[in-house]
Amino acid sequence: MKVMVVELYNYREWTELLGNDREWKIQVNQHLLSSKMIWKASQMGGMVFPMRYDQAIMLADGIKPSDLRAFLHYVSRVAPVNIRACLGYGETPRRAEENGYSCLKGLEPGTFQVLAYPDSPVAVAHFDLNGFTDFTNGTSTYRSFTEAQKFYSEIVAHIYSLGGIAQYMGGDNIVTVISTDVIDQVIAKVENEQRMKVGIGIGKNARDAMRNATKALTEIRKDRRETWKLLQE
């Protein structure tokens with residue numbers, strides 16, 4: 001699998017130039033840049049996960065190296081500092097990300113390494129909690145948020161052990177990227193716990209897989225009899 005790691009170089013040093021009244025400026029810049037990166041990647045069939053705001057990963061299977069380089073040139077134009085980036089390759093998303101980060105640490109700012117690795121099918125598992133809306137209505141905004149974060153931590157730990165990557169998407173929605181050979185283990189977790197559901201999608205790129213996973217989850221919510229569903233179109 002292919003995961004591209006992107007780093008804003010010397011980002012902390014840049015933030016410190018903004019003065020003491022800077023946190024709101026940092027948040028505005030971070031979210032604007034993330035939205036631009038997510039949009040640009042989506043046009044190529046990819047997905048961007050902001051990891052720390054000074055670092056992000058892009059799910060890159062099914063995308064040509066020339067398009068990945070075009071994405072990086074775009075990010076370098078809209079970012080407030082230099083970037084460096086490396087495309088990692090591995091048998092799992094987590095291993096690909098780790099290899100990408102190891103490569104990135106040896107690059108100079110403004111440098112990209114994008115090699116022509118083979119593509120793999122992308123599998124996305126989109127989780128959510130059962131009854132989360134009712135829980136929110138019966139408690140409070142912050143209480144429901146803390147519950148969602150507990151859920152996220154649980155899913156992160158499980159998916160990490162399977163070699164996958166997880167991202168909190170808001171509400172009680174958690175998106176994970178996994179290898180196709182661990183789908184049965186994801187299904188088993190949901191069937192054993194009965195307090196969550198998961199839509200699983202497989203596609204030639206991350207956007208296709210995410211669309212299939214979301215469609216599967218929507219169909220589960222409508223039917224209310226299944227805890228998981230897998231779609232591959």
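Computed over heavy atoms, backbone and side chain alike; hydrogens, waters and symmetry mates excluded. Throughout, numbering of the chain's residues begins at 1 and tracks the sequence. Not measured: the values here are computed from a predicted model.
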Counting only heavy atoms not in [X], do more than 12 sit closer than 6.0 Å to its [atom1] atom?
X	atom1	result
Q194	CD	yes
R22	CZ	yes
K189	NZ	yes
K25	NZ	yes
Q27	CD	yes

Quick one: closest heavy-atom pair of [X] and [Y], and the distance?
X	Y	value
G203	A209	N-CB, 3.7 Å
S144	F135	CA-CE2, 3.7 Å
G163	T92	O-CB, 3.2 Å
V48	A56	CG1-CB, 4.2 Å
P93	V3	O-CG2, 3.7 Å

Look at the side-chain heavy atoms of Ile, Leu, Val, Met, Phe, Trp and Tyr, link any pair under 4.5 Å apart, and say whether [X] and [Y] land in one connected group.
X	Y	value
M44	L33	yes
I63	Y117	yes
L72	I57	no
W14	M37	yes
V177	M51	yes

Problem set entry | Residues D119, K2: salt bridge by 4.0 Å N-O rule |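 Looking at D119 and K2, the cut-off is met.
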Exercise. Do the charged groups of E219 and K222 touch, with an N to O distance under 4.0 Å?
Worked result: no
Residue pair [X] / [Y], side-chain heavy-atom distance below 4.5 Å:
X	Y	value
I26	V28	no
F127	V175	no
R95	E97	no
I159	I178	yes
E193	E154	yes
I155	T176	yes
S179	M1	yes
R94	Y160	yes

Are any side-chain N or O atoms of [X] and backbone N or O atoms of [Y], one a donor and one an acceptor, separated by less than 3.5 Å?
X	Y	result
S140	R143	yes
N212	I202	yes
R84	L107	yes
T214	R211	no
N10	E13	no
D172	A148	no
T227	K197	no
N82	Y9	no

[atom1]-[atom2] distance between [X] and [Y], expressed to the nearest 0.5 angstrom:
X	Y	atom1	atom2	answer
F71	S76	CZ	OG	10.5 Å
F49	I38	CZ	CD1	9.0 Å
N99	E91	CG	CD	9.5 Å
D61	N205	CG	CG	9.0 Å
H126	T218	NE2	OG1	8.5 Å
Q149	Y142	CD	OH	9.0 Å

Exercise. According to the interplanar angle, ranging from 0 to 90°, do the rings of H31 and Y53 count as parallel (below 30°), tilted (30 to 60°) or perpendicular (above 60°)?
Worked result: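 Rings of H31 and Y53: tilted, 30 to 60°.
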Exercise. Which word best sums up how the rings of Y168 and Y152 line up, parallel for under 30°, tilted for 30 to 60°, or perpendicular for over 60°?
Worked result: tilted
For this session: Show the numbers, then the answer: is there a salt bridge (Lys or Arg N to Asp or Glu O under 4.0 Å) between D128 and R221?
Result: CA-CA 10 Å; D128 80 0; R221 287 168 175 160; 2.4 Å; yes
For this session: Kindly indicate, with the supporting measurements, whether the criterion side chain to side chain contact (heavy atoms under 4.5 Å, CB included) is fulfilled by L87 and Q113.
Result: CA-CA 6 Å; L87 181 63; Q113 183 169 308; over 6 Å; no
For this session: Cation-pi check, K40 to Y74: give yes when NZ or CZ is under 6.0 Å from the six-membered ring centre and within 45° of the ring axis, no otherwise.
Result: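 Yes, K40 lies over the aromatic ring of Y74.
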For this session: I would like to know whether V124 and V122 meet side chain to side chain contact (heavy atoms under 4.5 Å, CB included); could you show each step before the answer?
Result: CA-CA 7 Å; V124 168; V122 181; 4.2 Å; yes
Exercise. After noting the C-alpha distance and the side-chain angles of M210 and R207, does the key distance pass the side chain to side chain contact (heavy atoms under 4.5 Å, CB included) rule?
Worked result: CA-CA 5 Å; M210 184 71 247; R207 183 171 170 178; 5.7 Å; no
Exercise. Strictly by modelled atom types, are Q30 and Y11 linked by a side-chain donor-acceptor pair under 3.5 Å?
Worked result: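 Yes, a side-chain donor-acceptor pair sits under 3.5 Å.
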Exercise. Could you go step by step and tell me if E16 and R12 meet the salt bridge (Lys or Arg N to Asp or Glu O under 4.0 Å) rule?
Worked result: CA-CA 6 Å; E16 291 173 349; R12 179 178 63 82; 2.8 Å; yes
Exercise. Do you know which of L115, V114, L104 makes side-chain contact (heavy atoms from CB on, under 4.5 Å) with C86?
Worked result: L104
